[in-house]
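First the structure, in the form of structure tokens, and then the observations on it.
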Amino acid sequence: DVAGLVVGRGGSVVQQICKETGAEICVSGEADTPPSLSDRIVTIWGTAAEKDAACKEVVRITHRSQELPDGEDGIFVLVVPLSAVPIIEGPSGSTLGSLCEASGAD
């Protein structure tokens with residue numbers, strides 16, 4: 001599973017990402033994941049630059065796990081805190097719409 005690829009054997013991959021980016025990363029265990037989710041939760045702490053770099057690496061690993069070449073479409077689900085949803089959506093969905101338009105995401 002993708003969580004295993006992010007964590008790595010004995011935590012080696014997540015430790016390397018933390019070392020390279022300066023961010024702190026926690027991948028939820030099966031018991032820590034809400035029953036409604038079949039996936040794990042990856043939490044990243046740090047400065048904006050540290051979080052950005054670590055997030056990009058997690059997305060790269062996730063994309064690679066789908067066995068798609070770089071630049072090909074894949075699926076990536078992002079769970080955000082409920083309190084952040086209005087900020088991400090923006091007025092009448094304008095912020096989310098602009099983000100989708102600029103990035104080409106659906």
Side-chain angles (χ1 to χ4, degrees):
D1 72 5
V2 178
L5 294 173
V6 172
V7 173
R9 189 171 298 242
S12 61
V13 174
V14 76
Q15 289 172 9
Q16 185 64 32
I17 295 171
C18 290
K19 182 179 177 185
E20 290 175 0
T21 65
E24 292 181 48
I25 301 173
C26 176
V27 180
S28 68
E30 193 171 317
D32 301 324
T33 303
S36 60
L37 296 176
S38 60
D39 300 315
R40 304 297 170 92
I41 299 169
V42 177
T43 306
I44 303 173
W45 297 271
T47 66
E50 291 167 345
K51 290 185 287 189
D52 184 58
C55 188
K56 284 180 180 176
E57 186 59 19
V58 170
V59 169
R60 188 187 67 75
I61 292 169
T62 302
H63 195 260
R64 188 178 69 213
S65 76
Q66 295 177 25
E67 299 181 0
L68 297 167
D70 287 341
E72 291 292 321
D73 292 342
I75 297 173
F76 183 74
V77 177
L78 180 63
V79 178
V80 298
L82 184 60
S83 62
V85 171
I87 297 165
I88 294 168
E89 287 181 338
S92 301
S94 61
T95 304
L96 188 57
S98 295
L99 178 61
C100 289
E101 186 177 316
S103 67
D106 293 330

In a table with atom names and distances, give each donor-acceptor pair under 3.5 Å that connects a side chain of residues 41-50 to protein atoms at least two apart or in another chain.
residue : atom : partner : partner atom : Å
T47     : OG1  : E50     : N            : 3.1
T47     : OG1  : E50     : OE1          : 3.4
E50     : OE1  : T47     : N            : 2.8

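- To the nearest 0.5 angstrom, I61 atom CD1 is 14.5 Å from K56 atom NZ.
- Applying the side-chain hydrogen bond (donor to acceptor under 3.5 Å, both in side chains) definition to pairs two or more places apart or across chains, those involving residues 5-21 are Q16-E20.
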Kindly list each side-chain donor-acceptor pair under 3.5 angstrom involving residues 84-102, sequence neighbours excluded, with atom names and distances?
residue : atom : partner : partner atom : Å
S94     : OG   : P91     : O            : 3.0
S98     : OG   : S94     : O            : 3.0

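- The side chain to side chain contact (heavy atoms under 4.5 Å, CB included) check on V7 picks up V27, with sequence neighbours excluded.
- Closest non-hydrogen pair, L5 versus S65, comes out as CD1-CB, 3.4 Å.
- For the side chain to side chain donor-acceptor pair (under 3.5 Å) test, residues two or more places apart in sequence or in another chain that qualify with S28 are T33.
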